[in-house]
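Labels below follow one simple rule: chain letters A, B, ... track the order of the sequence lines, proteins then strands, and each chain is numbered from 1. Note that these values count all heavy atoms, side chains included, but never hydrogens, waters or copies made by symmetry.
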Protein chains: 2
Amino acid sequence: MSKKNAILLAATELFSQKGYDGASMAELSRMTGAAGGTIFHHFKNKEDLFLNILGGIKETILSAFDQYLKDANFRNGLELVEGAVSFYLQLAGRMQAQFLLLHRHFPYKMAEANPVCRDYLESIYDCLLDIFEKGILRGQKDGSVDGVPARQSAMILFSMVDGIARFNTYQLYDAGALYSALMAACRKMIGLKRPTDDDAVT
Amino acid sequence: MSKKNAILLAATELFSQKGYDGASMAELSRMTGAAGGTIFHHFKNKEDLFLNILGGIKETILSAFDQYLKDANFRNGLELVEGAVSFYLQLAGRMQAQFLLLHRHFPYKMAEANPVCRDYLESIYDCLLDIFEKGILRGQKDGSVDGVPARQSAMILFSMVDGIARFNTYQLYDAGALYSALMAACRKMIGLKRPTDDDAVT
DNA sequence: TTATAAACCAACCGATCGTTCGGTTGGTTT
DNA sequence: AAACCAACCGAACGATCGGTTGGTTTATAA
């Protein structure tokens, strides 16, 4: 089990750094000390190896958000959305290789032909969009969020925070320096225009 | 000049569809009808071919925005920002292959080692961020934009619109259906909280 | 018409690609 | 102890990779 795990770990780094075509099985063999044949003993081919990695990423992200939402205690919908945005950035910083993988193009290209790959990606994005959307809907009930279109605003919010996470790993932005401005932007975007200053409402 | 242009055109499509490593010179030769040696007659190697393409993309985008800003007549800073966001999406729809290239990871990876590549990418992003920032600053003078941090808000705005353009080409979103919600989000994000309803000031 | 250079070509190079294969371990199960 | 097993190995496969070569066509200008 040790070698197989080492292969998965090294391959995650390799795929994220060099892309699918750029990652070679020979280099993976060198990195792990596993012989060429060993890799193909554990995974039937290169694509299967990648799908194993992507599936693991999906599990990790989904269960991380699950845990976060279960533990946290939000006073209203707006705080839930803010928390989700903040946690997404935090997770992207903690799982840099995995998020770099998700920010590359080849998984989405592969998803066009491979239903398993498509399912993994859709699971991730559906889950995240649902969290944002539910926060908005809850906020519209409790008075913390304005009457914006929920699903569409969730998409815009997500593309905003994911874009910043992406530019951060590309080293074009510094996400940390943008953090407070980003949270303020979220509040302005979906928050009520004239709340009771303290936005704690039933 | 005909063959060289055909090579550039086909290579743009190939690089954007398959990435740098996935695009093969043999396939490019097949696509264009040019012999293998002919491609290396016009471009000294694969990387040089890509840099020629990236340079062309930079020229096209920069001059398109130059023309747009020269022709348009904005009443205030907020309208300028809205116009720039709108035009960016429009351009991304018109130049799908080029934007797909910019949304892949390999150009940013290459930029780490190749100063020419880095210069091209920085030129594009600096130009766009400057446009957004100037619109915000102008809006803060004419009263159409709130007192948000200019450069940081420009970055957030840009990552938002670029993220949507990216998800659109990945076929996860439909940018057209998000358009009006996006423009509204922009206005809420940086616009004054309580303008004169019609925000024509000064 | 001839000289010159640019454009173009097919053939070829060594290296590397993903993958396969025959065979060797060391530990369980029969 | 015989049979079986998954884990592991390294050599070898055909295909394809980016790039080079030497020679032929084409266009230009004297």
Task: Rounded distance (Å) that lies between atom P of C:dG14 and atom CE of B:Met25 - done: 20 Å

TODO: Give me the residues of residues 44-54 of chain A where at least one heavy atom lies under 4.0 Å from an atom of DNA chain C, by number, or none.
DONE: A:Asn45, A:Lys46

Task: Spacing between A:Tyr20 atom OH and C:dC17 atom P, to the nearest angstrom - done: 14 Å

- [ ] Give a yes/no answer on whether the side chain of B:Ser24 brings an N or O atom under 4.0 Å of OP1 or OP2 in D:dT16.
- [x] no

- [ ] Could you grab the distance from atom CE of B:Met160 to atom CG of B:Leu182, nearest 0.5 Å is fine?
- [x] 5.0 Å

TODO: Specify the separation, in whole Å, of atom CG of A:Asp21 and atom C1' of C:dT19.
DONE: 16 Å

Task: Residues in contact with DNA chain C, drawn from residues 105-115 of chain B - heavy-atom cutoff 4.0 Å - done: none

Task: Step-by-step side chain to side chain contact (heavy atoms under 4.5 Å, CB included) determination, A:Lys109 to B:Lys18 - done: CA-CA 9 Å; A:Lys109 186 82 179 176; B:Lys18 309 207 169 183; 5.8 Å; no

Open item on the list: I'd like to check B:Arg187 versus B:Glu82 (side-chain heavy atoms, cut-off strictly below 4.5 Å). Are they in contact?
Closed with: yes

Open item on the list: A side-chain contact here means heavy atoms from C-beta on lying under 4.5 Å apart; do B:Leu54 and B:Met110 qualify?
Closed with: no

Open item on the list: Can you confirm if the NZ or CZ of B:Lys4 lies within 45° of the ring axis of B:Phe43 and under 6.0 Å from the centre of its six-membered ring?
Closed with: yes

Task: Flag side-chain contact, heavy atom, 4.5 Å: A:Val145 against A:Asn76 - done: no

Would you tabulate the nitrogen or oxygen pairs shorter than 3.5 Å linking the protein to nucleotides 9-13 of chain D?
residue : atom : partner : partner atom : Å
D:dC9   : OP1  : A:Lys3  : NZ           : 3.2
D:dC9   : OP2  : A:Ala35 : N            : 2.9
D:dC9   : OP2  : A:Thr38 : OG1          : 2.8
D:dG10  : O6   : A:Gly37 : N            : 3.2

Open item on the list: Test of understanding: with ring-ring contact (aromatic ring centres under 6.0 Å, His included), list the residues that count as partners of A:Tyr120, not counting sequence neighbours.
Closed with: none

- [ ] Please examine the side chains of B:Lys188 and A:Asp146, heavy atoms only from C-beta on, and report whether any two atoms are closer than 4.5 Å.
- [x] yes

Task: DNA chain C: stems of at least 3 consecutive Watson-Crick or G-U pairs whose donor-acceptor distances fall under 3.5 Å - done: C:1-30 with D:1-30

Task: Partner residues of A:Ser180 under the side-chain contact (heavy atoms from CB on, under 4.5 Å) criterion, sequence neighbours left out - done: none

Task: Whole-Å distance separating the CZ atom of B:Phe40 from the C1' atom of D:dG22 - done: 17 Å

Open item on the list: Output the rounded distance in Å from NZ (B:Lys18) to P (D:dT16).
Closed with: 12 Å

Open item on the list: Let's see if you can work this out: which of D:dC17, C:dG18, C:dC17 has an atom nearest to the side-chain heavy atoms of A:Ala26?
Closed with: C:dC17

- [ ] Just compare D:dG18, C:dC17, D:dC8 and give me whichever is closest to any side-chain atom of A:His42.
- [x] D:dC8

Open item on the list: Rounded at 0.5 Å granularity, tell me how far NZ in A:Lys44 sits from CG in A:Leu51.
Closed with: 8.0 Å

Task: Chi angles and distances behind the side chain to side chain contact (heavy atoms under 4.5 Å, CB included) call for B:Arg166, B:Tyr173 - done: CA-CA 9 Å; B:Arg166 176 169 160 263; B:Tyr173 286 12; over 6 Å; no

- [ ] Using atom CG of B:Asn5 as one end and atom P of C:dC8 as the other, report the distance to the nearest whole Å.
- [x] 11 Å

TODO: Provide, to the nearest angstrom, the distance between the CZ atom belonging to A:Phe43 and the C1' atom belonging to D:dC8.
DONE: 14 Å

Task: Exam field: side chain B:Tyr68 to backbone B:Phe87, donor-acceptor pair closer than 3.5 Å - done: no

Task: Distance-only polar pair, side chains of A:His103 and A:Asp162, donor-acceptor under 3.5 Å - done: yes

Open item on the list: Any heavy-atom pair between the side chains of B:Leu192 and B:Ser144 that's under 4.5 Å?
Closed with: no

